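A short worksheet on the structure shown next.
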Amino acid sequence: METPLYLEERSLVKRYGGLWPIVINTIFVLALFYVSWWIFQDPRGIMRMYTPYVGYMWCRWLLVIMIWIAYIFDFWPFSRTWLNNTHPVIKGVTLTLLTVALFTIVLKVFFETILGEYAIAYFSPARLQQEGIVEFYALEYSAQAILMFAAIASWLSPAWVIAAEGAPWGNLKQPVKGFSIFIFTFFISVIVYLVAFHPHMGILFDPWQKFASITPPWWEDFAGTVHGNFNIAWIMCCTVIVWMHETIWERYPFSMIETPWIRRTASFFGIIAIAVALSFFLYFAQELIWGEAIRGTKRDASPDWRWLHVGEMAIFWLLPALYMHFYLKNGINRYSQLVNILLRTIVSVLGAVVLYYVYYKTSHLFLGTQKGFSHPQQFPMIPLIWLINIMLINYWFMDGWPGWRLAEAGEVAKVEHASYQKTALSPSFYRGLVGGTVGGVAVYFAMIYLLPFMGNALIIFK
Amino acid sequence: MLPNKLEEAWKITSENSVNPQNSGGFSALIEIERLDGVKKKYLLDSGWSYEWIDASFKREGIDKMLQNNEIEALIITHEHFDHFWGLPVTMKYAPNIKIVIPDGFYKEGLQYIKDSGHTGELVVNKKGRNDIEPGLCAYTFDVPIICRVFGEQSIFANVQGKGLVSITGCCHQGIIQFADTARNELKYDNDQMYGLFGGLHISPFDDWDPKYDDLVISMKKWDFQKIGCNHCTGLLTAEKFVRAGYPVIKGTAQYRTKSKSYLGNGDTITFG
């Protein structure tokens, strides 16, 4: 029997009545976000890590390490007693500092020393500087490579626990289970990195490193660019779909499959299929709104940025979905599972559109980013993932403090999530499946028809 | 201190700058010959360092042209320091010159124009095409630029019997978008993208990104016959252009220009 994760077995109860916990936590998380953004990331702030790649590397890797702690190692070596009895603030500070310390080790020991000094020079800023690259770009180039690894790991690490259910190590105890999944997902991440991003790094230097990587990269013809952002697009979508699957989709529809190995395989590859379809759709949507991409140009007309923006749009969707899951307990629970999921998806997409509009309209006024959609200093993934990190610290590490707390022994937490009857594979189910498929295709074509009008109606920059 | 005490003002700036000797900036004189043989001059941007720009203007005789009202207008491409902050030097010689700026200047920038001593006409070019004279137009692009600048204008000139010559300050909008705009909205001789001059803003610090390779690869289909790149184009980009077989005009590496790989200070390019 697979051991449930701490996050699955813990029970949270509201500390205050009504909407107060939601309001308090929203203010708390946003305040923490802005203060930490100013200290660490803001170009006008103290540490100014939004260069942007150094700051991006840190926020991506902190996310990955938090996933390792919470999902792969299930908080090992911390005991359940410590997790259940320690004040949330102390837990939050301890686990956050651990996250930072672990990434410092990963960065300095694994990437910059083991890989950078003994295998691939571009992982080490010091070695790049020795080769004549100025300090700023040496840091940017190595940070770019290291963060791309994180982009892959932040998809594969949770995907193996959530979609593949940790198989075949799911029944082992910690830390054997954790190390097994960690080593396996790290190994797969290395392979995906070498295929998806090493060719990008191979042409970052002059001349193209044609004996060390594939030049031009293999995706050039069908992506319309030699830039690795093509792979960022579908990998970011994979990351987002993994969390949709885990949170507001409640692992549906793959949870209907009873045979474990089929369910796990279908979930893992199904997520990839949905993500790839999403990434192509979001790329197509940009062409419908902004016109065809023009290779070689800059800013929002260039294919490399369009692919990047696919990932950015996916993150705009992830944030409201996670908020809905963490603080609204999925928000919509009163209907059948399918209807709940459909409505949550619609609401989260609308939330993403609103967030997108507000972000681009205002972010340059308070985050130190650049006005406009496309610019090296306008990188919405950084503040959005930074905010997601803060939400994860609050929800995973601090048990939702100050609005929520752990249920005490014997205390029954009010059930805030829906419980469903098992979906039967009846004739009505198949009729619904056919109807849903037809409806989905109709929605697709309706979107294609409407997007140009919607783009004209929703002008952000005049 | 502005507009009259430029030496004193620049001394203070130098004392408070990390590398004031590097802040030359961009300024180019455009001379056109109309079909009727009349020649007209336009000054594109006014550089950065008062000291450097003043010396450069004197070296090239721009100071006299300004004093004699031989230059029709000062066209500021965008609000960046290296194109705009040397404005008091132009004002020193021709405070009444017409200044043409793109839409999007901040109020501080507009105040700087006043503080520099400008007494002439100020024209704000709206987004899109703005005609200067027959065969010559400016085009304003909505484009976000580093240091919160927004908007840049560039120039298109139709050269009889040759084709279109595109002239830029920094071309933050991207050279392909610049050329694509011309292809979609302008008519020019031989349907030929003939020439290109100015900063192309690709790898100004010789940094690199694979998206720049997209540019190098895709430039081929535009079939430029003469490329005079400089300033923020980046030496590495110029060298990649040459390796790709593009007709890059080499410079003379004079007046502190580092390399002959592209046009530098005091160099001239002719498209007629």
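Please read these numbers as outputs of a predicted model, since none were measured by experiment. Basis for what follows: all heavy atoms, side chains included, without hydrogens, waters or symmetry-related copies. Per chain, numbering begins at 1; letters A, B, ... match sequence-line order.
Two rings, from F205(A) and W208(B), have their centers 6.0 Å or more apart. Aromatic ring centroids of H309(A) and Y356(A) lie under 6.0 Å apart. Side-chain rings of F111(A) and W61(A) approach one another, their centers coming within less than 6.0 Å.
Side chains of W37(A) and F366(A) form no contact here, defined as non-hydrogen atoms less than 4.5 Å apart. For the pair W52(B) and N265(B), the minimum side-chain heavy-atom distance is below 4.5 Å.
Of the residues listed (F379(A), Y359(A), Y357(A), W290(A)), the one engaging F373(A) in a ring-ring contact (aromatic ring centres under 6.0 Å, His included) is W290(A), and it is the only one.
Separating the SG atom in C238(A) from the CG atom in N231(A) is a distance of 10.5 Å, to the nearest 0.5 Å.
Interface remark: D209(B) contributes backbone and side-chain atoms alike to the contact with chain A (heavy atom separation under 4.5 Å). Contacts between S374(A) and chain B at a heavy-atom distance below 4.5 Å involve the backbone alone (N, CA, C, O). For S302(A), no part lies near chain B; criterion is any non-hydrogen pair under 4.5 Å. Contact of F136(A) with chain B is not made at all, since no heavy-atom distance falls under 4.5 Å. For E140(A), no part lies under 4.5 angstrom from a heavy atom of chain B. For W208(A), the part lying near chain B is the side chain, with the backbone staying farther off; criterion is any non-hydrogen pair under 4.5 Å. For chain A, the nearby part of I217(B) is the side chain; its heavy atoms alone come within less than 4.5 Å. Contacts of H200(A) with chain B are made by both backbone and side-chain atoms, with heavy-atom separations under 4.5 Å. Heavy-atom distances place both the backbone and the side chain of Q177(B) under 4.5 Å from chain A.
Side-chain contact, Q254(B) with D267(B): a donor N or O sits under 3.5 Å from an acceptor N or O. Y139(B) and Q173(B) form no side-chain donor-acceptor contact under 3.5 Å, judged by distance and modelled atom types alone.
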Give the intermediate values and the outcome of side chain to side chain contact (heavy atoms under 4.5 Å, CB included) for residues F156(B) and Y188(B). CA-CA 10 Å; F156(B) 293 116; Y188(B) 38 89; over 6 Å; no
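Side chain of S46(B) to backbone of F84(B): no donor-acceptor contact under 3.5 angstrom is found. Checking side-chain atoms of W305(A) against main-chain N and O of K211(B) turns up no donor-acceptor pair under 3.5 Å.
Residues from residues 220-236 of chain B that place a non-hydrogen atom less than 4.5 Å from a non-hydrogen atom of chain A comprise L236(B), given in numerical order.
Of all the listed residues (N229(A), D304(A), T369(A), D206(A)), the one sharing the greatest number of non-hydrogen pairs under 4.5 Å with chain B is D206(A). When each of D206(B), V149(B), D214(B) is checked for heavy-atom pairs under 4.5 Å with chain A, D214(B) comes out on top. In terms of non-hydrogen atom pairs under 4.5 Å with chain A, the most contact-rich of C171(B), A179(B), G174(B) is G174(B). Counting heavy-atom pairs closer than 4.5 Å to chain A, the top residue among D207(B), D180(B), I202(B), V216(B) is D207(B).
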